[in-house]
Protein chains: 2
Amino acid sequence: MNVTIKTIAQAAGVSPAAVSKALNGYTDIGEETRARIVRISAEMGYTPNALARNLVKKTSDILGLLIPDISTPIYAEIFKGIDAEAKRRGFNLFLCDTNRRTEFEVSYVRTLMENRARGIIVAPVDNDASHILALTKAQVPLVFIGGKVNDSMDNYVANDNKLGSALAVGHIASLGHRDILMLCDNYRTKTKKDRVEGYREAMEARGLEPRASIAPEGAAEGIDYGCQAALEAFGSGRMPTAIYASSDMVALGVMRAAAMRGIAIPGDLSLVGYDDIMFASLPTVDLTTVAQPKFEMGALAVELLCEAMSEELAGIKHRRVVKPSLVVRGSCVAPRSGAGEGASR
Amino acid sequence: MNVTIKTIAQAAGVSPAAVSKALNGYTDIGEETRARIVRISAEMGYTPNALARNLVKKTSDILGLLIPDISTPIYAEIFKGIDAEAKRRGFNLFLCDTNRRTEFEVSYVRTLMENRARGIIVAPVDNDASHILALTKAQVPLVFIGGKVNDSMDNYVANDNKLGSALAVGHIASLGHRDILMLCDNYRTKTKKDRVEGYREAMEARGLEPRASIAPEGAAEGIDYGCQAALEAFGSGRMPTAIYASSDMVALGVMRAAAMRGIAIPGDLSLVGYDDIMFASLPTVDLTTVAQPKFEMGALAVELLCEAMSEELAGIKHRRVVKPSLVVRGSCVAPRSGAGEGASR
DNA sequence: AGGTGTTCCGAAAACGTTTAAGTAAGTATA
DNA sequence: TATACTTACTTAAACGTTTTCGGAACACCT
């Protein structure tokens with residue numbers, strides 16, 4: 001632990017500067033001297049001190065990444081994209097799980113800044129990121145990604161949520177469904193608002209009546225919301241023939257509710273989700289869903305960050321909106337004949 | 001970015017040393033002076049330079065964590081436990097996804113050492129960790145965790161795999177099954193060997209004939225292996241009434257195979273897995289399985305690491321083996337009467 | 001007036017690098 | 001042979017902190 005450049009210099013009979021140069025590929029070191037230095041440093045088990053190096057170089061190869069919850073599959077896949085691209089470009093990625101808490105967001109950003117990270121990618125916990133901006137004050141480049149981005153953020157990568165909804169509705173409607181209920185949690189975010197708006201537009205474009213069950217502020221999310229909202233819909237007088245869930249997790253909640261009520265999917269109820277998390281493809285789930293190119297989005301985020309880092313023009317906004325696609329599996333079939341007709345107009 | 005302690009010192013009309021002391025809670029600074037310094041440093045947006053601090057302090061609050069694949073649910077949950085405990089103890093956790101590649105293991109360990117991490121927790125990719133030991137040379141404390149640990153590693157936390165198998169077999173057998181097939185992937189690891197051995201012992205203790213289908217070296221793993229091995233078993237002359245899978249992922253593969261062949265679970269075939277990944281609890285999966293206390297194991301790993309870090313006696317081995325428990329869900333029922341009798345002796 | 005203690009602060013070294021500038025020797029050029 | 005250019009190094013400053021040691025100022029007690 002305490003073998004430094006100085007140690008090696010003594011052992012090799014040269015100056016510390018010579019050692020540094022030899023180890024870092026400078027050309028003004030003789031070949032035999034370099035070989036001797038390299039050999040000795042290997043023998044002594046030398047480990048360079050990155051703290052000292054970064055201190056004098058006034059930079060580091062560290063990139064920070066803030067993720068609300070890495071055990072959520074969609075974030076895990078975004079991470080994979082970011083990680084791969086960061087590696088490809090020679091950065092060291094520092095993943096921070098913020099546990100869906102803004103307090104942790106600020107403490108992690110502070111730590112990253114103190115360690116002189118080159119840039120930070122954040123999948124924010126909330127659509128309000130002011131606490132983060134207050135810390136960075138444009139001193140370190142920032143790129144946002146994920147379901148909570150909005151236009152108040154300078155740099156971000158997002159997906160075209162309206163288009164995603166159009167794909168989902170188009171698929172269900174083409175099977176003959178007319179009474180398509182949308183279930184949406186987390187309505188504060190622009191992402192979810194866009195999905196609902198896209199749903200409404202797509203329904204109206206087909207002359208169908210949109211019907212959306214939107215979670216009120218502070219309500220449950222994900223599976224819990226899906227289950228509870230679906231049970232409500234099942235209990236109401238008007239049973240839809242298809243449900244469009246605002247995320248796969250919500251769709252899983254619908255499946256749970258359907259299992260509880262003995263409702264067959266897709267026989268009695270067609271279902272489509274959003275996100276294409278890994279488990280949507282399992283044989284026992286087999287969920288038709290709208291897929292975001294998560295891995296590519298992650299890679300894009302790194303790309304944008306590099307742009308933002310290299311740019312002197314700090315004023316420029318770096319944004320990218322990618323297109324989702326529909327993944328057709330087994331959770332949607334044509335409605336039983338005659339069902340759902342009452343909903344048309 | 002360029003406001004340092006020196007800057008603040010000038011602005012406050014004191015020495016750099018005074019600033020450092022004021023900001024770090026030393027008692028030999030007057031109250032008004034301290035207040036002035038704190039105010040000014042806040043006004044100027046001062047961010048301490050952790051590189052410089054750690055350089056002189058010859059240490060850091062960084063802990064490294066190597067995970068083969070964070071998108072695998074079981075690793076995500078172990079991570080959560082480690083993360084929470086690391087936070088609680090005031091460390092900064094640096095999560096590195098090694099992508100199941102030993103090359104990345106060595107490059108990450110090198111980076112962590114260069115950045116003077118205090119200690120490293122590694123969930124190894126392989127049961128051979130010699131490439132890691134060669135790098136650290138006991139210069140930095142190491143704790144191993146996960147499914148690839150074995151007794152050649154000094155410090156580790158593992159679960160009692162034999163006990164887990166005993167719980168699984170006990171449950172299935174108590175329902176009346178006699179022909180219980182075990183499917184095991186990844187047999188190089190001690191973990192899997194223990195699970196198989198535990199299965200054999202539990203079967204023999206009941207006078208049942210053990211029958212294990214063990215993946216050969218280089219075969220598929222997880223879902224793919226489970227599916228393929230199950231199809232093989234279904235095609236053989238001897239159809240088991242229950243399958244014990246060496247992991248939940250393998251069990252999911254069995255489910256896929258069963259769906260392909262029209263075999264009902266649990267009606268035609270009972271199934272039990274190992275790990276209790278999050279999705280085992282989904283209504284459409286509903287898998288009975290052996291659960292490891294993953295979160296606690298993570299926390300334990302941090303505890304062991306702290307022991308290893310504080311200890312001058314570096315020779316001591318720090319190990320903990322935790323007990324798994326059975327989570328009963330809906331994938332096991334009594335066999336159809338008369339079935340499976342041929343397997344008894 | 002002399003001694004002793006306390007309080008508050010400054011000087012300076014140290015941490016392990018990188019790098020601009022300098023230098024001594026050797027080699028080629030005029 | 002003096003000059004210029006290479007080659008192969010060395011010197012020393014700098015990066016931004018922490019921390020030991022010491023010292024000035026002041027109060028308190030004989």
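Just so we're on the same page: letters track the sequence lines, and every chain starts at 1. Scope of the values below: all heavy atoms of this structure, side chains included, with no hydrogens, waters or symmetry mates.
- Using five terminal pairs a side, the axes of the helix from C:dA1-D:dT30 to C:dA30-D:dT1 at its two ends make an angle of 60°, given in steps of 10 degrees.
- Here A:Tyr26 does not reach the OP1 or OP2 of D:dT10: none of its side-chain N or O atoms lies under 4.0 Å away.
- One atom, CG of B:Asn24, and another, P of D:dG16, lie 17 Å apart when rounded to the nearest Å.
- Within the structure, every side-chain polar atom (N or O) of B:Ser20 is placed at least 4.0 Å from both OP1 and OP2 of D:dT17.
- Note on A:Thr4: every side-chain N or O is 4.0 Å or more away from OP1 and OP2 of C:dC15.
- The two residues B:Glu105 and B:Leu66 come nearest to each other via the heavy atoms O-CD2, 3.8 Å.
- OP1 and OP2 of D:dA14 both lie 4.0 Å or more from every side-chain N or O belonging to A:Lys57.
- Among the atoms of the strands shown, only primed sugar atoms or phosphate atoms (P, OP1, OP2) are found under 4.0 Å from some heavy atom of B:Ala18.
- The pair A:Arg36-A:Glu32 fails the salt-bridge criterion, with no side-chain N (NZ, NE, NH1 or NH2) lying under 4.0 Å from an Asp/Glu carboxylate O.
- Among the nucleotides D:dT10, C:dG16, D:dT18, the one closest to the side chain of A:Val56 is C:dG16.
- Under 4.0 Å is where a charged nitrogen must lie from a carboxylate oxygen, and between A:Lys80 and A:Glu77 no such pair does.
- Salt-bridge formation is not detected for the pair A:Glu221/A:Arg100: no Lys NZ or Arg NE/NH1/NH2 atom is positioned less than 4.0 Å from an Asp or Glu carboxylate oxygen.
- Atom CG of B:Asp97 is separated from atom CD1 of B:Ile67 by 8.0 Å, given to the nearest 0.5 angstrom.
- For A:Asp28 and C:dA21, the CG to C1' distance is 12 Å, given to the nearest whole Å.
- The separation between B:Leu23 atom CG and D:dT19 atom C1' is 15 Å, rounded to whole Å.
- Between the CZ atom of B:Arg53 and the P atom of C:dG16 there is a distance of 17 Å, rounded to whole Å.
- Not one side-chain nitrogen or oxygen of A:Lys58 sits closer than 4.0 Å to the OP1 or OP2 atom of D:dA14.
- Here the P atom of nucleotide D:dG16 and the CE atom of B:Met44 are 14 Å apart, to the nearest Å.
- Among the atoms of the strands shown, only primed sugar atoms or phosphate atoms (P, OP1, OP2) are found under 4.0 Å from some heavy atom of B:Asn49.
- Residue B:Ile29 is in sugar-phosphate contact alone, with no base atom involved, counting any heavy-atom pair closer than 4.0 Å across all strands shown.
- Counting non-hydrogen atoms under 4.0 angstrom, B:Asn54 reaches nothing in the nucleic acid.
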